[in-house]
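Worksheet: one structure, shown below.
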There are 2 protein chains.
Amino acid sequence: MIDFKSFYTLSYGLYLICSEFEGQKSGYAGNTGFQVTSTPSTLAISCNKDNFTCGIIQKSRKFSLSVLQKELDVSIIGDFGFKSTKDFNKFEKHQYKTGTLGIPVITDSCIAAFECKVINEVDCGSHILFIGEVVESEKLSNEPTLTYDYYHEHYKMVAPKNAPTYIEPELLKDDKKELITTNDLPSEYICTICGYTYDPEEGDIAAGIPPGTPFEDLPEDYTCPICRAGKDFFREV
Amino acid sequence: MIDFKSFYTLSYGLYLICSEFEGQKSGYAGNTGFQVTSTPSTLAISCNKDNFTCGIIQKSRKFSLSVLQKELDVSIIGDFGFKSTKDFNKFEKHQYKTGTLGIPVITDSCIAAFECKVINEVDCGSHILFIGEVVESEKLSNEPTLTYDYYHEHYKMVAPKNAPTYIEPELLKDDKKELITTNDLPSEYICTICGYTYDPEEGDIAAGIPPGTPFEDLPEDYTCPICRAGKDFFREV
């Protein structure tokens, strides 16, 4: 028996992974980045084949990994995590530099950055595991790291469908039912595009929605603070 | 240029990884464990070839991964992280169960456990990256997870030599010199066996050493709280 809740106990950070091939820049937000060896220094990332960036890395054989800081404007995760490079220019809105390898390295809201040459590529079914040798790395600030745990708790987001850690909502449904029967508060609503959860207890301060506002009372033109989807894209949880 | 301090910004948990082959149980503590795909659920671990457990996994083609909880008796990390299965019976002292795959699964101080069949093995030089399909997983408690960050900060330990995240002390020396010249406190001493740092400001409460005790004033029979090495094994940092 596999208990999917056990997967939530694994610890991750949150990273922006970028690459470029023949002038086409690309990037996404991912939680799997880790050191494989120390001599030489190598990093591994797990990249969904459906990510546009995956194909770019396969062709360019290089990637950058920037480490997000704990306190940030969550729209950077919305832009990199829930929008495709095909439809949206992520590099117009967020600060980056062109690294030693000639690829974009995001510096906006990041505390460290690595540039890697791909030395191995492992087909893992839905994902490709890229192993990269670090050719350049830099500490950008002393801010604390954004952990995946903090991101879940604080920014109320679920993993996007392409993430290794994505879990079908149905598999977690029983828990949620329990939650609903044990309190009478107005329901939370989840954005079906990006997974942002609107919590009526907290409201949406940035959008001028005070705590205690039920989803039903939100203005008709309310949009998801992460991916800007309209109210119709939300469903009750 | 590679700035090794940038590697400290990556987030990890702390895991006990075990296996068994022909009656020989083996296990170690490692910080690299992460999900690669969700359908099917697969986990990757980076295992030093010098770890006795590495050879056992190569032969048995299976491993268990148990997730350590935040508050624990640090001797479990000392036993699994800094002692070899060849010299010390880790399974006599710490509670485990025999899992579905017939291998030991540590339950002592752990909040979740996975059992995996190796489906791929990638030679990465000093380490082997094992990719395992999860055949069984279980949530054991609701205690919070031990992150690698918390472990470093709270338990004052460095990575053992076999860890992917190990950094030669020389590479970090400049920082430490700075620290020493900017204050006049008694020096910290590091255990050369396991990397535990004795901090005179904190003392060693468990051993009855009050805060403010310089290393020089410790009793002659003082031993490292992690690996039990004597005073002679410590050096000034």
Side-chain angles (χ1 to χ4, degrees), chain A residues 1-15 31-44 46 48 65 67 69 100 110-114 119-120 122-127 129 131 134-140 144-149 159 163-168, chain B residues 1-15 31-44 46 48 65 67 69 100 110-114 119-120 122-127 129 131 134-140 144-149 159 163-168:
Chain A
M1 211 277 277
I2 294 182
D3 179 353
F4 286 94
K5 287 192 292 293
S6 56
F7 288 91
Y8 286 143
T9 65
L10 302 173
S11 296
Y12 301 96
L14 208 61
Y15 310 111
N31 63 316
T32 47
F34 75 116
Q35 195 170 359
V36 181
T37 62
S38 58
T39 325
S41 296
T42 57
L43 296 183
S46 174
N48 194 297
L65 182 148
V67 181
Q69 68 192 34
T100 321
C110 288
I111 55 171
F114 301 83
I119 55 170
N120 208 341
V122 187
D123 191 321
C124 296
S126 58
H127 289 65
L129 200 66
I131 298 164
V134 180
V135 293
E136 185 86 25
S137 82
E138 192 185 353
K139 188 100 189 277
L140 300 168
T145 293
L146 175 61
T147 64
Y148 202 51
D149 223 36
T165 46
Y166 177 75
I167 294 173
E168 290 286 344
Chain B
M1 213 276 279
I2 294 181
D3 178 354
F4 286 94
K5 288 192 293 293
S6 56
F7 288 91
Y8 286 143
T9 66
L10 301 173
S11 297
Y12 302 97
L14 208 61
Y15 310 111
N31 63 317
T32 48
F34 74 115
Q35 195 170 358
V36 181
T37 62
S38 58
T39 325
S41 295
T42 57
L43 295 183
S46 175
N48 194 297
L65 180 148
V67 181
Q69 68 193 35
T100 321
C110 287
I111 55 171
F114 302 83
I119 56 171
N120 207 342
V122 186
D123 192 321
C124 298
S126 58
H127 289 66
L129 200 66
I131 298 164
V134 179
V135 293
E136 185 87 24
S137 81
E138 192 184 352
K139 187 103 190 275
L140 301 167
T145 293
L146 175 61
T147 63
Y148 201 52
D149 224 36
T165 45
Y166 177 74
I167 295 174
E168 290 286 345

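Per chain, numbering begins at 1; letters A, B, ... match sequence-line order. Because only heavy atoms are used, hydrogens play no part in the values below, and waters and symmetry mates are left out as well, while side chains stay in. None of these values were measured; they are calculated from a predicted model.
With sequence neighbours excluded, the residues that form a side-chain contact (heavy atoms from CB on, under 4.5 Å) with B:Ser126 are A:Thr37. Not a single ring pair (Phe, Tyr, Trp, His ring centres under 6.0 Å) links B:Tyr15 to another residue, sequence neighbours left out.
With a threshold of 4.5 angstrom between heavy atoms, B:Glu136 approaches chain A through its backbone and through its side chain. The contact between B:Ile2 and chain A is made by backbone and side chain atoms together, counting heavy-atom distances below 4.5 Å. In this structure, the portion of B:Val122 lying under 4.5 Å from any heavy atom of chain A is its side chain and not its backbone. In this structure, no portion of B:Leu140 lies under 4.5 Å from any heavy atom of chain A. Looking at B:Ile131, the atoms closer than 4.5 Å to chain A (heavy atoms on both sides) all sit in the side chain, from C-beta outward. Looking at B:Val67, only its side chain comes within 4.5 Å of chain A, counting heavy atoms on both sides.
Across every non-hydrogen atom of B:Asp3 and A:Glu138, the tightest pair is CB-CA, 4.3 Å.
Contact tally against chain B (heavy-atom pairs below 4.5 Å) for A:Cys124, A:Gly125, A:Gly33: the top residue is A:Cys124. If you tally non-hydrogen atom pairs under 4.5 Å between each of A:Pro144, A:Pro40, A:Ser41 and chain B, the highest count goes to A:Ser41. The most heavy-atom pairs under 4.5 Å with chain B, out of A:Leu146, A:Thr145, A:Thr42, A:Val36, come from A:Val36.
Rounding to the nearest 0.5 Å gives a distance of 10.5 Å between OG1 of B:Thr100 and CE of A:Met1. A:Thr147 contributes atom OG1, which lies 9.0 Å from atom CG of B:Asp149 (distance to the nearest 0.5 angstrom). Atom CZ of A:Phe7 and atom CG of B:Leu43 lie 5.5 Å apart (nearest 0.5 Å).
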I'd like to know whether B:Leu10 forms a side chain to side chain contact (heavy atoms under 4.5 Å, CB included) with A:Leu65, so could you lay out the CA-CA distance, the side-chain angles of the two residues, the decisive distance to 0.1 Å, and finally the verdict. CA-CA 10 Å; B:Leu10 301 173; A:Leu65 182 148; 4.1 Å; yes
Dump the intermediate steps for side chain to side chain contact (heavy atoms under 4.5 Å, CB included) on A:Tyr12 and B:Gln35, then the final yes or no. CA-CA 10 Å; A:Tyr12 301 96; B:Gln35 195 170 358; 3.3 Å; yes
Report the C-alpha separation of B:Ser11 and A:Tyr148 in whole Å, then their side-chain angles, then the decisive distance to 0.1 Å, and conclude whether the side chain to side chain contact (heavy atoms under 4.5 Å, CB included) test is met. CA-CA 9 Å; B:Ser11 297; A:Tyr148 202 51; over 6 Å; no
